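What follows is one structure encoded as structure tokens, with my remarks underneath.
The shown structure was predicted, so the numbers you read here are calculated from the model rather than taken from an experiment.
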Amino acid sequence: MNGVKITQLHGGTVGDVKLIECEKAVLKTQKKWGRSFDFDSWRREYDLYKSGFCELFDDSLRWAECYHAEMNENGDEYQLWLEHIGGVTGADLTAEMLEQAAYELGRFQGRLYAEKPRVLQSIANFSNTGFLKQNYLHYRGWSELYDYIRSDDCGIPEHLCRMLIEIDESSEEIFRHIEKLPVVLCHRDFWNTNIFYTDSGIRLIDWDTAGWGYFGEDIAALIADEADIQSMTGYYRKCAPAYYKGFSEYAAADIKDNCVYELMLIIFGYRFVEWYKFGETPEEKKLQINALQKIYEMREIKL
């Protein structure tokens, strides 16, 4: 291709993503693979781009425009030609930018929750509300982690292990509370590398894990998923209220406890233990301790 510069981009866990600079388009190639408890997620973005899902966005928050979507003859690989999004992303996002992203996501979820657009009911390939609990039980059932935080050999400070054990002991009650929260359309990969702050609004990429979940799941991810650890408390103070404010503009919901603190531990607690136990360097292990410590400190914060 004469005059074309092709650059490899960040492609998540399994996607191959290239920037085609002559047209400023992104080519994303995705092969079939199986995610635990969400087997068809590999093709979800293709299905969503072929549906009327794009009608649900406005410019304040939307995904990348798709110019062309194509599935191969075997049905095990697709390609998307997508808009290249400029703007601020990843570690360059400020707390104020993330606060705006949280607010706009809340508005988006609140609007869909209140209006219940018909197109949402016609899309079959969404992950379901059970994903959260299945994933937690999967991690909790892994004896390498479950027994480790209860052993004398565990290198994680005792008060942090106790925090995780208390979540396990209270998990049935916690899930009863979570399951009373509004069911919303979650992005489920809402962290800084998938968020772009632009002059025109928030842009979100990588919708392959999108599906039905509970109010607050995405904000728990925004705060805890590989965030700047020293800023986690500030993100919690800013982003959780902003998200609730955005949601409440469309949906009047009496949510006395949004469960963001519990959701962070349900979703990420055992992951931090895994990354600590199998971390290869002292620095990597220290990161997981610091992340758990920040969440521990959040239990005293009243939003």
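Applying the side chain to side chain donor-acceptor pair (under 3.5 Å) test to Asn128 and every residue at least two apart in sequence or in another chain returns nothing. For Tyr243, the ring pair (Phe, Tyr, Trp, His ring centres under 6.0 Å) partners two or more places apart in sequence, or in a different chain, are Phe215. Qualifying side-chain contact (heavy atoms from CB on, under 4.5 Å) partners for Leu137, counting only residues two or more places apart in sequence or in other chains: Lys133, Arg140. Applying the side chain to side chain donor-acceptor pair (under 3.5 Å) test to Asn72 and every residue at least two apart in sequence or in another chain returns Asp76. Judged as a ring pair (Phe, Tyr, Trp, His ring centres under 6.0 Å), and not counting sequence neighbours, Tyr235 has no contacts. Under the ring pair (Phe, Tyr, Trp, His ring centres under 6.0 Å) criterion, Tyr136 pairs with Phe175, not counting sequence neighbours. A search for ring pair (Phe, Tyr, Trp, His ring centres under 6.0 Å) contacts involving Tyr103 returns nothing, not counting sequence neighbours. Thr281 meets the side-chain contact (heavy atoms from CB on, under 4.5 Å) test with Glu283, Glu284; sequence neighbours excluded. In this structure Glu172 satisfies the side-chain contact (heavy atoms from CB on, under 4.5 Å) test together with Arg176, sequence neighbours excluded. With sequence neighbours excluded, the residues that form a side-chain contact (heavy atoms from CB on, under 4.5 Å) with Ser200 are Asp59, Thr198, Arg203.
Exactly one of Asp208, Asp206, Asp38 qualifies for a salt bridge (Lys or Arg N to Asp or Glu O under 4.0 Å) with Arg44. That residue is Asp38.
Under a cut-off of 6.0 angstrom, the local environment of CZ in Arg118 is sparse, with at most 12 non-hydrogen atoms contributed by other residues, nucleotides or ligands. In this structure, Lys285 places its NZ atom where more than 12 heavy-atom neighbours from other residues, nucleotides or ligands lie under 6.0 Å away. Counting non-hydrogen atoms of neighbouring residues, nucleotides and ligands closer than 6.0 angstrom, the NZ atom of Lys32 reaches no more than 12 such neighbours. The neighbour count for Glu173 CD, taken as heavy atoms of other residues, nucleotides or ligands under 6.0 Å away, does not exceed 12.
You'll find the side chain of Lys116 stays beyond 4.5 Å of the side chain of Leu120, heavy atoms only. In this structure, the side chains of Ile123 and Leu48 come closer than 4.5 Å at one or more pairs of heavy atoms. Glu45 has its side chain out of reach of Trp63: every pair of non-hydrogen atoms, C-beta onward, lies at least 4.5 Å apart. With a 4.5 Å cut-off on side-chain heavy atoms, Phe190 and Ile219 count as touching. Side-chain atoms of Leu222 and Trp191, non-hydrogen and from C-beta on, never get closer than 4.5 Å to each other. Between Leu132 and Leu263, the closest side-chain pair of non-hydrogen atoms falls below 4.5 Å. Proximity of Trp207 to His187: side-chain heavy atoms (C-beta onward) are separated by under 4.5 Å at one or more points. Taking the side chain as every heavy atom from C-beta outward, Val119 and Phe53 never approach each other to under 4.5 Å.
Salt bridge Glu99/Arg237: absent, no basic N to carboxylate O contact under 4.0 Å. The pair Arg111-Glu249 fails the salt-bridge criterion, with no side-chain N (NZ, NE, NH1 or NH2) lying under 4.0 Å from an Asp/Glu carboxylate O.
A side-chain donor-acceptor contact under 3.5 Å links Glu104 and Gln100. With no hydrogens or angles considered, a side-chain donor-acceptor pair links Ser60 and Asp58 at under 3.5 Å. One side chain, Asp168 or Tyr270, offers a donor N or O that lies under 3.5 Å from an acceptor on the other. Using modelled atom types and a 3.5 Å distance limit, the side chains of Tyr139 and Glu274 yield a donor-acceptor pair. Side-chain contact of His159 with Gln293: a donor-acceptor pair under 3.5 Å is present, judged by distance alone. Inspection of the Asp189 and Asn194 side chains reveals an N or O donor paired with an N or O acceptor under 3.5 Å.
With Thr129 contributing its side chain and Gly213 its backbone, the two residues share no donor-acceptor pair below 3.5 Å. The backbone N or O of Ile167 lies less than 3.5 Å from no partner atom in the side chain of Ser170, so there is not a single donor-acceptor pair. Listed for the Ser127 side chain is a donor-acceptor partner under 3.5 Å among the backbone atoms of Thr209. For the pair Thr94 (side chain) and Met97 (backbone), a donor-acceptor distance under 3.5 Å is present. Distance alone, capped at 3.5 Å, places no donor-acceptor pair between the Thr89 side chain and the Tyr197 backbone.
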(request) Could you go through the side chain to side chain contact (heavy atoms under 4.5 Å, CB included) check for Leu292 and Leu164 one step at a time? (result) CA-CA 9 Å; Leu292 285 168; Leu164 297 167; 4.2 Å; yes

(request) Check the pair Ile165, Arg150 against side chain to side chain contact (heavy atoms under 4.5 Å, CB included), reporting the backbone distance first and the verdict last. (result) CA-CA 8 Å; Ile165 293 169; Arg150 292 163 171 81; 3.8 Å; yes

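With side-chain heavy atoms closer than 4.5 Å counting as contact, directly or through intermediates, Phe39 stands alone and belongs to no larger hydrophobic cluster. Grouped with Phe131 in one hydrophobic cluster are Phe37, the linkage being side-chain heavy-atom contacts under 4.5 Å among Ile, Leu, Val, Met, Phe, Trp and Tyr residues.
Linking Ile, Leu, Val, Met, Phe, Trp and Tyr residues whenever their side-chain heavy atoms come within less than 4.5 Å leaves Tyr113 and Tyr250 in two separate clusters.
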